[in-house]
Every structure is written in C-alpha cells, then in structure tokens.
**Student:** 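Mind looking over this structure? Questions follow.
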Amino acid sequence: MFDFYRVTAVVPPVKVADVEYNTNKILEKLEEAYGYQPAVIAFPELAVSGYTCQDLFYQQTLIREVGAGISRILAATSDHETAVTVGAPVMIEGQLYNGAYVMMDGKLLGVTVKTFLPNYSEFYEKRWFNSADDLPCKDVYLTDLGISYDPEDVEDYAVPVGSHLIYNLDGKLKFGVEICEDLWSPIAPSAVMALAGAELIVNISASNELIAKREYRKNLVKQCSASHVCEYLYVSAGAGESTQDVIFSGHSLVAENGTLLNENRDYIADDYLLVADMDLDKIRSERARMKSFGDAAAHYRGLMSRCRMITESAPNLPESDGTYYILQKHPFVPTSKNKLAKRCSDIFDMQVGGLAKRLEVTGAKPVVGVSGGMDSTLALLVAAKALRKLGRPSEDLIAITMPAFGTSDRTYQNSLILIRSLGTEPVVIDIKKACVQHLADLGHDGETKDITYENTQARERTQILMDYANMHGGLVVGTGDLSELALGWCTYNGDQMCMYGVNGSIPKTLVRWMISTVAETEIFPDSTVVLRDILDTPISPELLPPDENGEITQKTEDKVGPYELHDFFLFYTLRYGYSPAKINFLANRAFEGDYDRETILKWQKMFTKRFFSQQFKRSCMPDGVKVGSVAMSPRGDWRMPSDAAVTDWMRELETL
C-alpha cells in the first residue's frame with residue numbers, strides 16, 4: 001500500500017524482578033499489538049526483568065528466568081512476520097549486557113547491545129552492564145543465551161550481537177535499534193545506521209521523568225529523525241518501574257523526518273499501545289533529493305563499517321493502508337490556529353524583506369495592479385509594508401486599478417477603498433477602449449468570448465503597468481501565486497510577467513490566511529473592513545462580463561477545479577515526487593466526504609496535464625522571494641524540460 005508500514009510501541013505493566021509476571025504481560029500486549037497488523041513492535045528497555053533491578057541483575061536466578069521468558073516470547077512470535085523488539089539483560093561469555101532482542105516468526109534475528117551506559121546522577125548502569133564496545137564476539141548461539149528451543153523443529157543457530165545491527169526485512173524495510181542513552185550521545189549509533197541504510201530507528205528506553213524532560217526528549221527524537229532523515233520509534237518504561245527516588249512515565253512517540261506522528265498523552269502511564277503509520281516513500285524521496293545525506297555516507301564510510309546488515313526473508317511483512325497516518329488536506333496550512341498565525345506572519349515578513357531589498361537597491365517605487373481579488377491584495381499589502389520598513393512615504397506606492405469587460409462593481413470599489421486605506425491615491429485606467437481597439441486591429445469581432453478576448457485584457461494591463469513604471473521610476477510587483485504557476489493559470493507575457501514577484505511561492509490555499517492574518521493583527525487597521533470583504537469574494541480573473549446584477553460570473557474554480565485539490569496534488573508532486581496513483585490514494589483519504597472519487601480523479605487529470613504543458617511559463621518566471629520548501633523558480637527549485645511528455649503519468653491515472 002504505497003510503502004506505508006505500521007509500528008507499535010507497547011508499554012506493559014511491570015513488576016521489578018518478577019520475570020514471569022512481566023513475560024505474561026508482554027505476551028498479552030503482544031497479542032493485542034498483533035491485532036493492528038504492524039510491521040514492527042517494540043517493548044521498553046529491560047522490559048522482561050524490569051529496568052530498576054539494580055544489584056539483582058547479578059542474581060543467577062534472575063538471568064535464568066530471563067532466558068525462559070525470552071524463550072516464551074520468541075515462541076509467541078511464530079507464524080507472525082512482524083519484527084518484535086524487547087529489552088532484557090543478556091549474558092555473553094560471563095559478562096552482562098543491556099540488550100534488545102529482535103525476533104520474527106519464531107526466529108531470533110539478533111541482539112542489539114547498548115553502547116553508551118549512563119553513569120551519572122540517578123543512573124549507575126556501569127555497575128552492572130558492559131558496553132557493546134566490550135563484546136568479545138559477533139555471534140552467540142541460542143543455547144549460550146539460555147534460550148530453549150525444540151531441537152526437532154530447528155537446530156541451534158548463531159545469533160548476531162552488536163551495537164550497529166541493521167535488520168533488512170526482504171528489502172521492504174530496514175531498521176536499526178539503539179537503547180536509551182545511545183540517543184543522547186553526541187554521535188548516536190542511529191546516525192551511523194541511518195547512513196548505512198536504516199530507514200527506521202527503534203529506541204527501547206527506560207528514561208525517568210523530570211520536569212521539562214518530556215519536551216526535551218520529544219525534541220531530541222524529532223531532531224534525530226530530521227538529521228538522520230528517518231522514521232524514529234521511541235518506547236520508554238512505564239510507571240511500574242518507579243522506585244525509590246525515580247519515577248518513570250512510559251513516554252512513547254513516533255517521529256518522521258522531524259515531524260511528530262504520534263505520542264502518548266498521559267504524563268505518567270503504563271499498560272498501553274501507541275500505534276502509528278509511517279511513510280517510507282517519504283524517507284526514500286528525501287534521501288534521494290538531499291545530496292548531503294549521500295555525501296555524509298561517503299565521508300563517514302569508516303564509521304559505517306561498524307554496521308552489519310542482517311537480511312531476513314519476509315514475504316508476508318504486513319503493509320499498512322495508512323489509516324494511522326496523519327494526513328492534512330491542506331498541507332501548506334498549519335492546523336493549529338496559533339501556528340497558522342505565526343506561519344503567516346513569518347511569511348509576510350519574508351515577502352516584505354525580499355521586496356524591500358529590491359526597492360532599496362533600485363530606488364524604485366512599487367507599482368501594483370490591483371483587481372480587488374486576494375492575490376493582488378496580498379501583493380499590495382506587502383508593498384505598503386515594504387515602504388514602511390524602508391521609512392519611505394506611503395505615497396510612493398503606485399496602485400493602479402484597470403477596469404475592463406469583466407470587472408464587477410464589488411471588486412472595483414474594494415480596490416479603491418483598499419488603496420486609499422493604505423495612504424495613497426488609486427490610479428484608475430479604464431482599459432475597455434484600448435482592448436476594443438486591439439481586438440479590432442486583430443480582426444476579432446469583440447463579441448466572441450474566446451481566449452484571445454480574455455488574454456487581451458491581461459496583456460493590456462501588464463503593458464500599462466510596465467509603461468507606467470517607466471514613467472514614474474517604478475518597479476512592477478507581481479501578484480501571481482504558486483498555484484497559478486503550477487497550473488499555468490496565467491497569461492503568458494500578461495500577469496505571468498513582472499519585475500519582482502512576491503506571491504510566487506505562496507499557494508492559493510495559504511493566500512487567504514495570509515490576508516486574514518494581516519487583518520486580524522491590524523498591521524493596517526484602516527484596511528480591516530475591506531480586507532474581510534475581499535476574503536468573501538469568489539476567486540475570478542474577471543475577464544468575462546458580470547451578470548445582469550453586476551455579480552461575478554467567471555469563477556476560476558468552476559473551470560479549473562478546487563484550488564484545495566490542486567494544492568494537495570502540487571505538494572505531493574513537488575515535495576516528494578509521489579506517483580499519481582499514490583497521490584490519488586492520499587487525496588481520496590484526505591478529502592473523503594468533500595469530493596467523490598470521480599471528481600478527485602477528474603481534477604487530478606487536469607492538474608497533471610496542465611502541470612506538464614505549462615512549464616514554459618515557469619521557465620522564464622521573474623525573480624521572487626522563496627518562502628517554503630515547495631517552490632517553482634527555474635533558478636533554484638524546479639528544473640523541468642518544457643517539452644516533457646506526460647504520457648506515463650496519464651497512463652497511470654487512466655488505470656485508477
């Protein structure tokens with residue numbers, strides 16, 4: 001199912017040093033976890049014995065019981081092609097180690113041993129355990145680990161042990177394991193394993209709780225997943241481990257390339273499962289795109305030699321349908337209101353900063369064509385704020401409104417009100433006569449509402465803006481947004497052209513929120529009322545005449561489709577290079593209840609055709625500020641042949 005795999009963090013109840021009880025609880029939770037059909041299940045550090053056994057780790061009874069417990073857990077994994085990782089002490093050639101037993105389908109694939117042992121503050125692990133660096137061997141037999149097996153079914157076999165073991169499940173999923181403190185070290189084993197091919201890092205931990213430590217731990221896991229470009233599953237010992245001066249919280253979380261996918265909400269917890277779906281396609285796409293990741297692998301080849309790849313056949317490794325994967329239907333727009341306001345304010349400041357620099361260097365006045373629509377409104381607000389930032393008078397803002405055949409009274413009046421609210425006078429140039437003359441010169445009847453009729457108006461407006469800028473020492477500020485560039489929904493050498501574009505990397509779904517944020521924060525208090533009315537105005541190029549009531553008849557989304565769909569298609573096409581089939585699958589999930597499958601497929605086909613056919617407009621787009629990871633400048637972001645064939649993409653869509 002498009003490289004989705006499910007992971008489960010399991011925090012069972014624990015009685016310290018009661019191995020039989022702990023094993024029974026692990027088996028109960030294991031059976032429950034199997035019900036979610038995950039590819040990977042992880043239990044906490046030393047879950048079989050309990051983490052806080054202290055000097056009881058030296059007791060032969062405890063170690064013998066651990067072997068029996070691991071034997072039972074291993075047997076319970078039979079007939080399940082799910083990788084299970086469980087923490088337990090391991091005795092190897094007379095020395096004790098802190099281990100993570102990794103097993104699947106009744107086979108022990110390996111034992112990852114903890115490298116960095118905390119021995120400060122409340123931690124005293126070096127008293128009991130040796131580091132993986134002290135291991136005397138690379139393999140150990142089942143019998144040497146005290147694990148029982150049925151000799152009639154299987155012969156005793158050697159089990160890999162070490163600190164940098166990577167478990168390769170049939171090439172479908174590669175994961176490495178590190179244990180608690182390993183993550184906190186300056187160069188974690190996970191960093192090396194990720195460079196060597198591990199796509200998922202599993203950390204089994206027993207991290208005690210302190211004030212503010214939970215947030216620090218979460219940030220550490222998120223940052224690790226980002227710097228390693230990987231999935232990260234973290235599971236920690238629960239409240240049952242609490243004893244003497246320390247308390248454990250059972251904090252578990254899953255992160256994906258810097259993004260939190262899931263986290264348990266209870267501050268002090270045990271006896272629960274945390275389930276998340278991860279998208280390995282996203283990790284593979286990022287690693288392929290991020291050349292510094294490959295460069296780091298080459299640079300640290302010596303460190304990577306410590307890694308050992310353990311390949312295991314897993315033809316029935318469970319794949320996920322993505323049900324537990326967090327999916328936003330507006331990927332450019334933060335879901336949190338506070339984050340959204342902060343994001344919009346930051347982007348607005350970036351737009352202002354970019355334009356202010358251009359105006360400072362050129363000494364020009366910003367010239368903006370104002371239609372009363374959202375894109376030109378945002379560009380006008382940016383220009384006004386840029387002048388304020390430079391300490392220049394608001395009168396330097398040249399705002400031109402150019403009514404024509406399709407201009408409605410509402411948008412016309414809004415443009416005049418907005419311009420005046422920003423402290424400058426509008427320049428009104430009616431272009432109807434010029435367009436009529438031009439159409440007549442072409443031999444056009446002036447009545448046929450074709451593409452020539454529409455584009456004549458767009459190009460006339462651009463000509464006026466450019467020439468007016470020449471007359472008054474101005475610089476034409478472009479208004480077109482990222483969504484229009486992706487679709488080519490702009491007139492070549494018309495609104496596609498300017499001297500500096502401020503909206504070129506902002507998608508349509510975010511433009512509305514940008515204006516709303518400006519209104520709510522009252523950067524321009526005199527503009528608040530008119531901004532709210534502009535936000536309520538339908539999106540339209542206004543190139544066809546209004547109806548008998550003066551209302552807009554030409555609504556862009558009626559013809560080109562909903563911009564929220566196109567922005568969704570755009571995000572996953574550019575950001576991760578997903579196939580049309582996967583994007584369609586995600587769109588149907590994200591917009592379930594909003595659009596039926598036929599509607600989504602219809603507009604996805606249109607998006608795909610236009611995305612390919614309109615590259616020539618993007619290949620010569622003007623300079624403009626880049627504000628996000630998805631942008632289409634041919635100079636720094638998107639390089640695509642203007643004549644590329646769309647055949648394979650459309651063929652895939654036709655099969656859906």
Side-chain angles (χ1 to χ4, degrees), residues 42-60 62-63 66-67 70 85-102 108-141 144-146 158-167 175-196 198 201-208 217 220 224 228 234-237 241 246 300 302-310:
F43 291 86
E45 179 180 12
L46 298 173
V48 177
S49 60
Y51 177 79
T52 53
C53 289
Q54 299 182 27
D55 284 356
L56 292 177
F57 283 122
Y58 290 135
Q59 295 291 310
Q60 294 180 15
L62 182 74
I63 300 304
V66 165
I70 291 292
T85 301
V86 61
V90 53
M91 185 73 77
I92 298 175
E93 295 190 13
Q95 295 297 314
L96 201 58
Y97 298 87
N98 187 336
Y101 290 74
V102 179
L108 186 58
L109 304 184
V111 180
T112 296
V113 175
K114 190 172 184 175
T115 301
F116 300 104
L117 305 174
N119 220 57
Y120 53 86
S121 300
E122 61 268 41
F123 297 106
Y124 208 44
E125 282 192 34
K126 287 186 179 181
R127 179 179 176 89
W128 311 294
F129 300 113
N130 288 64
S131 166
D133 292 336
D134 300 326
L135 279 169
C137 57
K138 294 184 177 180
D139 298 277
V140 62
Y141 280 86
D144 294 330
L145 292 172
V159 177
V161 294
S163 60
H164 291 76
L165 305 181
I166 300 175
Y167 303 94
F175 73 96
V177 180
E178 61 184 5
I179 304 174
C180 199
E181 186 77 6
D182 290 345
L183 167 64
W184 301 69
S185 65
I187 302 178
S190 56
V192 183
M193 290 187 287
L195 291 174
I201 300 298
V202 176
N203 186 304
I204 63 170
S205 179
S207 181
N208 68 313
R217 188 189 297 118
L220 188 63
C224 184
H228 302 351
Y234 181 95
V235 56
S236 189
E241 291 281 6
V246 291
Y300 293 109
L303 279 176
M304 287 165 54
S305 65
R306 298 172 63 95
C307 295
R308 181 178 176 185
M309 189 73 70
I310 301 164

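Just so it is clear, the values below take in all heavy atoms, side chains as well, and ignore hydrogens, waters and symmetry mates.
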**Student:** With the side chain counted from C-beta on, respond yes when V90 and L145 share a heavy-atom pair under 4.5 Å apart, and no when they do not.
**Tutor:** yes
**Student:** Which heavy atom of A132 sits nearest to which heavy atom of T115, and what is that distance?
**Tutor:** CB-OG1, 3.7 Å
**Student:** For the residue pair S163 and T112, what are the closest heavy atoms and their distance?
**Tutor:** O-CG2, 4.2 Å
**Student:** With a 4.5 Å heavy-atom cut-off, do S49 and P89 have their side chains touching?
**Tutor:** yes
**Student:** Parallel, tilted or perpendicular for F57 and W128, by the 30°/60° rule?
**Tutor:** tilted
**Student:** Can you establish whether the number of heavy atoms outside Y58 located under 6.0 Å from its atom OH is more than 12?
**Tutor:** yes
**Student:** Nearest heavy-atom pair of D182 and A188: which atoms, and what distance?
**Tutor:** O-CB, 3.2 Å
**Student:** Say you draw a straight line from CD of Q60 to CE of M91; how long is it, rounded to the nearest 0.5 Å?
**Tutor:** 7.5 Å
**Student:** So, does Q95 use its side chain to make a donor-acceptor pair with the main chain of L135 at under 3.5 Å?
**Tutor:** no
**Student:** Which pair of non-hydrogen atoms, one from D139 and one from P160, has the smallest distance, and what is that distance?
**Tutor:** OD1-CA, 3.5 Å
**Student:** Supply the atom-to-atom distance T85 OG1 to L109 CG, rounded to the nearest 0.5 angstrom.
**Tutor:** 8.5 Å
**Student:** Is there a side-chain contact between F175 and I201 (heavy atoms, below 4.5 Å)?
**Tutor:** no
**Student:** Do N98 and L46 make a side-chain contact, defined as non-hydrogen atoms from C-beta onward lying under 4.5 Å apart?
**Tutor:** yes
**Student:** Counting only heavy atoms not in F123 (residues, nucleotides, ligands), do more than 12 fall under 6.0 Å from its CZ?
**Tutor:** yes
**Student:** Passes side-chain contact (heavy atoms from CB on, under 4.5 Å), Y167 versus V177? Steps please.
**Tutor:** CA-CA 9 Å; Y167 303 94; V177 180; 4.1 Å; yes
**Student:** What's the separation between atom CG in L183 and atom OG in S205, rounded to the nearest 0.5 Å?
**Tutor:** 8.0 Å
**Student:** Return the CD1 to CD distance between I179 and E181, rounded to the nearest 0.5 Å.
**Tutor:** 12.0 Å
**Student:** Decide yes or no for I63 and L96: does some side-chain heavy atom of the first lie under 4.5 Å from some side-chain heavy atom of the second?
**Tutor:** yes
**Student:** Quick one: are Y101 and V159 in side-chain contact, heavy atoms under 4.5 Å?
**Tutor:** no
**Student:** Just verifying a value: how many Å separate N203 CG and C224 SG, rounded to the nearest 0.5 Å?
**Tutor:** 8.5 Å
**Student:** I need the full list of salt bridge (charged side-chain N to carboxylate O under 4.0 Å, His left out) pairs touching residues 117-132, with sequence neighbours left out, sorted by first then second residue.
**Tutor:** D55-R127, K114-E125
**Student:** What's the verdict on side-chain contact (heavy atoms from CB on, under 4.5 Å) for S207 and W184, showing C-alpha distance, side-chain angles and the deciding distance?
**Tutor:** CA-CA 11 Å; S207 181; W184 301 69; 4.3 Å; yes
**Student:** Ignoring hydrogens, what is the shortest heavy-atom contact between Y97 and S131? Give both atom names and the distance.
**Tutor:** CE2-O, 3.3 Å
**Student:** Can you tell me how far the CG atom of D134 sits from the CD atom of E93, to the nearest 0.5 Å?
**Tutor:** 12.5 Å
**Student:** Got L303 and L195 here, is their nearest side-chain heavy-atom distance under 4.5 Å?
**Tutor:** no
**Student:** Between F129 and L117, which heavy-atom pair has the shortest distance, and what is it?
**Tutor:** O-CD1, 3.2 Å
